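From a predicted model like this one, the values you see are computed outputs, not experimental measurements. In the text below, chain A, chain B and the rest are named by the order of the sequence lines, each starting its count at 1.
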2 protein chains.
Amino acid sequence: MADLKAGVNQLFLREEELRTGMELLFYAYREFTAEPDEILAEIGFGRAHHRVIYFVGRYPKITVSELLAILKITKQSLSRVLGELVRQGFIDQQTGARDRRQRLLELTGKGVELERQLSETQRQRIARAYRMAGAEAVEGFRKVMMGMLDDEDRAKFTPPAPARLATKR
Amino acid sequence: MADLKAGVNQLFLREEELRTGMELLFYAYREFTAEPDEILAEIGFGRAHHRVIYFVGRYPKITVSELLAILKITKQSLSRVLGELVRQGFIDQQTGARDRRQRLLELTGKGVELERQLSETQRQRIARAYRMAGAEAVEGFRKVMMGMLDDEDRAKFTPPAPARLATKR
DNA sequence: GCTTTTAGGTCAGCCATGTTGACGCGGTTG
DNA sequence: CAACCGCGTCAACATGGCTGACCTAAAAGC
């Protein structure tokens with residue numbers, strides 16, 4: 001009887017624990033994107049533009065197909081926002097040297113500035129959370145988050161050389 | 001000189017650390033929603049329907065305004081998906097006893113079944129991540145995630161009585 | 001008891017961002 | 001030189017946000 005009760009209770013706790021995880025992800029993601037979204041709205045951009053700017057800043061000289069592989073959207077969807085960013089001078093395209101079909105993407109000065117501005121609040125939010133939680137908690141956070149990813153995405157974090165560096169350019 | 005170098009290196013690590021946090025959130029959220037999205041697409045629903053079903057399941061007899069406060073969308077947006085869910089028999093509305101203007105929302109059997117099906121993959125994903133990372137890591141994960149929230153959302157987790165229980169019904 | 005506020009719904013239209021499908025151009029490669 | 005590939009583009013559609021206007025019925029305030 002006591003055993004049964006303990007079992008039930010454990011199941012309940014587990015259920016609660018899992019729900020907590022789901023909700024933390026939902027709320028955190030929403031608040032994480034809220035502030036940049038406001039800035040973006042002012043200049044007529046959306047979250048999609050932020051993602052492109054972020055990853056182009058993260059991986060300078062990234063090709064369009066590499067970017068597509070990261071974002072996992074169609075090239076038509078990417079094209080819309082990328083085109084605007086290029087036309088408005090936030091991103092530069094240069095023809096690949098080795099393969100002249102490729103467009104290597106890079107932030108302009110203006111692009112770097114916007115990226116910095118957009119990500120600043122997010123960086124602060126994370127930095128605050130890390131500081132409040134402590135180094136050990138951060139390690140746990142990373143472990144759990146990694147565990148949520150599929151192998152493909154997990155690979156982007158583990159190796160000394162991220163996937164793209166293994167790709168011929 | 002050594003000090004300077006250490007400082008620079010620490011800054012770099014910090015920058016990398018923060019970027020890692022941002023990206024973990026991006027990838028994890030995307031994969032977290034991918035599987036339910038597929039199921040939803042088959043029955044002509046979208047992610048918005050899932051959110052409504054989830055929170056109605058989580059808080060049976062929740063009112064429309066409480067739901068709006070959680071989701072932080074407009075009532076017109078909610079109305080669209082909630083209406084479909086009610087008409088198709090996934091959610092029941094009953095008039096509030098104390099306040100007859102209120103519609104208390106509840107999942108039907110059909111709704112419970114769909115909720116279970118949708119959340120199952122997410123539960124598994126989280127359970128897997130928790131299991132792989134260990135109890136201590138989970139505690140760290142929770143701490144960091146909580147630190148990312150604004151006070152308002154954080155309050156939903158901390159108290160023995162969630163905000164809605166303090167609300168008169 | 002009358003007025004105001006509140007809970008909820010509805011119509012209409014706009015926007016951002018995702019999708020599919022088809023097609024074109026130029027560069028690379030077997 | 002043919003086939004494939006990287007990239008771009010046109011067109012059409014769906015989802016899910018948004019604003020603004022307007023409605024009913026119930027509750028609350030005076």
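The phosphate of C:dT17 has OP1 or OP2 within less than 4.0 Å of a side-chain N or O from A:H49. For C:dT17, the OP1/OP2 oxygens have no side-chain nitrogen or oxygen of A:S77 closer than 4.0 Å.
Across every non-hydrogen atom of A:I70 and A:Y59, the tightest pair is CD1-CE1, 3.5 Å. The shortest non-hydrogen separation linking A:R123 to A:E115 is NH2-OE1, 3.6 Å. Residue A:P36 comes nearest to A:T121 through the heavy atom pair CD-OG1, 3.7 Å, listed as atom of the first residue, atom of the second, then distance. Counting all heavy atoms, side chain and backbone alike, A:S119 lies closest to A:H50 at OG-NE2, 3.6 Å.
The CD-C1' distance, from B:E84 to D:dT15, rounds to 10 Å in whole Å. Across the protein-nucleic acid pair, A:R98 atom CZ and C:dT29 atom P stand 11 Å apart, rounded to whole Å. Atom CZ in B:R80 sits about 12 Å away from atom C1' in D:dT19, given to the nearest Å. For the pair A:Q94 CD and C:dG27 P, the computed distance is 17 Å after rounding to whole Å. Look at CD1 on B:I91: it is 11 Å from P on C:dG9, rounded to the nearest Å. Rounded to whole Å, atom P of D:dC18 lies 11 Å from atom CG of B:L78. For B:L67 and C:dG9, the CG to P distance is 10 Å, given to the nearest whole Å.
In summary, B:E66 and B:R103 do not engage in a salt bridge, as defined by a charged side-chain N under 4.0 Å from a carboxylate O. For the pair A:R19 and A:E15, the salt-bridge criterion is met [side-chain N within less than 4.0 Å of a carboxylate O]. The pair B:R125-A:D150 meets the salt-bridge criterion, since a charged nitrogen lies less than 4.0 angstrom from a carboxylate oxygen.
Inspection of the B:Q117 and B:E113 side chains reveals no N or O donor paired with an N or O acceptor under 3.5 Å.
Listed by first residue number, the stems of DNA chain D with at least three Watson-Crick or G-U pairs below 3.5 Å are C:1-30 with D:1-30.
At a non-hydrogen distance threshold of 4.0 Å, nothing from residues 37-48 of chain A comes into contact with DNA chain D.
Results of the side chain to side chain contact (heavy atoms under 4.5 Å, CB included) test with B:L105 over B:L85, B:D92, B:V52, B:V64 single out B:V64 as the only residue that passes.
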List the steps, then state whether side-chain contact (heavy atoms from CB on, under 4.5 Å) holds for B:S65 with B:Q102.
CA-CA 9 Å; B:S65 17; B:Q102 298 182 329; 5.7 Å; no

Show the numbers, then the answer: is there a salt bridge (Lys or Arg N to Asp or Glu O under 4.0 Å) between A:R58 and B:E16?
CA-CA 10 Å; A:R58 172 70 157 174; B:E16 261 301 299; 2.9 Å; yes

Base contacts versus sugar-phosphate-only contacts with protein, heavy atoms under 4.0 Å: please encode nucleotides 4-11 of chain D as B, S and - from 5' to 3'.
-BSBBBB-

